[in-house]
Amino acid sequence: MNGQFAPPTEDLEPWCPGPPEAPATSRPASSASTCRRRWDNRCIENKPGGGTVIGTGQVAKSAADGHTLLLMSNSFVINAKLHANLPYDGIKAFDSVACLTNSPQVIAVNAASPHKTFKEWIEAAKARPGTISYATVGPATTQHIAGEMLQRAAGIKLIYTPFGGGAPAVNAVLAGHVDTALANLSEMNGFLEAGKVRPLAVTTLQRLDALKNVPTVAESGYPGYEAAAWFGLVAPKGTPPEAVAKLADAANKAMADAEVRKKIVGVGLEPYTKNPEQFAAHLADQFAKYSKVIDEAGIKA
């Protein structure tokens, strides 16, 4: 293997453990497809099923030669906590390669809602515990956990209303069936532009360029609060370090490309690059954070 690994010219097979039409799969994969200048011979294979467990397990069993990668997101660490009998050894079954993007989440209400600001919404939730509802894709998803994190940070009690996807959750708010939506920016963009929903706060540490007038949860009195869906690449455990380094370098160079960044921002994502060491630390931090909330909230798969 030494001296022979050359991802720009040899076959590379990234696996996406979700359906091709899913945002968590299609958008990052679409952006990654622009890497063809560096990875000429690559095949993106979607392997949905089992809440991403099937595709993830398939990659874990693949040869650790640097030619098979997994495009993964938050479910990678959530599943490692929730499932005791995974067909692979959780996050330990992989080597971190690169973090690519994140998907900011927005807390929003119907445009006709009496809650004009995030502060007013929090005050109402504190005044009437258990009366304000929030909708997310779920349960046991990034957005569901973000809602549980918010309740603990703010000392409020909300009614959790899960839906089969982020779009149905937002539609329920539009129809007046649920008070609040906590969803990816990409799932709200059109309604925000049309003025049909009112953004109250974003869950990133910094304000978003697309919503510069909308405060973060952190700056609204809950320092350190951060919740976002992120996407990255991992390889089967034991992949040679030189292969990981070359893959990481190619991925981060692609993410620095102006064309790629434009496409990413255009679908509601943000560049969020990390090298292998930084990404490994990020995964460990996310596992610890999610595990705490999952245990406290009694979240089940």
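Counting from 1, the numbers follow the sequence of the chain as shown.
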- Is atom CD of E123 surrounded by more than 12 heavy atoms (other residues, nucleotides or ligands) closer than 6.0 Å? yes
Shortest non-hydrogen contact from [X] toward [Y]:
X: G224; Y: A218; result: N-CB, 4.0 Å
X: Y290; Y: A228; result: OH-O, 4.3 Å
X: Q105; Y: A146; result: OE1-CB, 3.6 Å
X: L269; Y: S103; result: CD2-CB, 3.5 Å
X: G238; Y: A64; result: C-CB, 3.7 Å

Whether [X] side chain and [Y] backbone form a donor-acceptor pair below 3.5 Å:
X: H67; Y: D65; answer: yes
X: E219; Y: T216; answer: yes
X: E120; Y: K116; answer: yes
X: T56; Y: T52; answer: yes

- Query: Pick one: which of N213, L185, L192 meets side chain to side chain contact (heavy atoms under 4.5 Å, CB included) with P199?
  - Reply: L192
- Message: Using the ring centroid of each side chain, check whether H282 and F287 are separated by less than 6.0 Å.
- Response: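 Between F287 and H282, which both carry aromatic rings, the centre distance is not below 6.0 Å.
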- Query: Hey, do the aromatic rings of F94 and F76 have their centres closer than 6.0 Å?
  - Reply: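 Distance test on ring centres: under 6.0 Å, yes.
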For [Y], is there an ion pair with [X] - N to carboxylate O distance below 4.0 angstrom?
X: D295; Y: K81; answer: yes
X: E296; Y: K292; answer: yes
X: R261; Y: D257; answer: no

- Query: Do you see a donor-acceptor pair shorter than 3.5 Å between the side chains of T180 and W121?
  - Reply: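 Side-chain D/A pair, T180 to W121: present.
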- CA sep, side-chain torsions, deciding dist, call: I122, Y222, side chain to side chain contact (heavy atoms under 4.5 Å, CB included): CA-CA 11 Å; I122 289 289; Y222 310 101; 3.4 Å; yes
Is [Y] reachable from [X] through a run of hydrophobic residues whose side-chain heavy atoms are each under 4.5 Å from the next?
X: L283; Y: I294; answer: yes
X: F279; Y: I91; answer: yes
X: L70; Y: I78; answer: yes

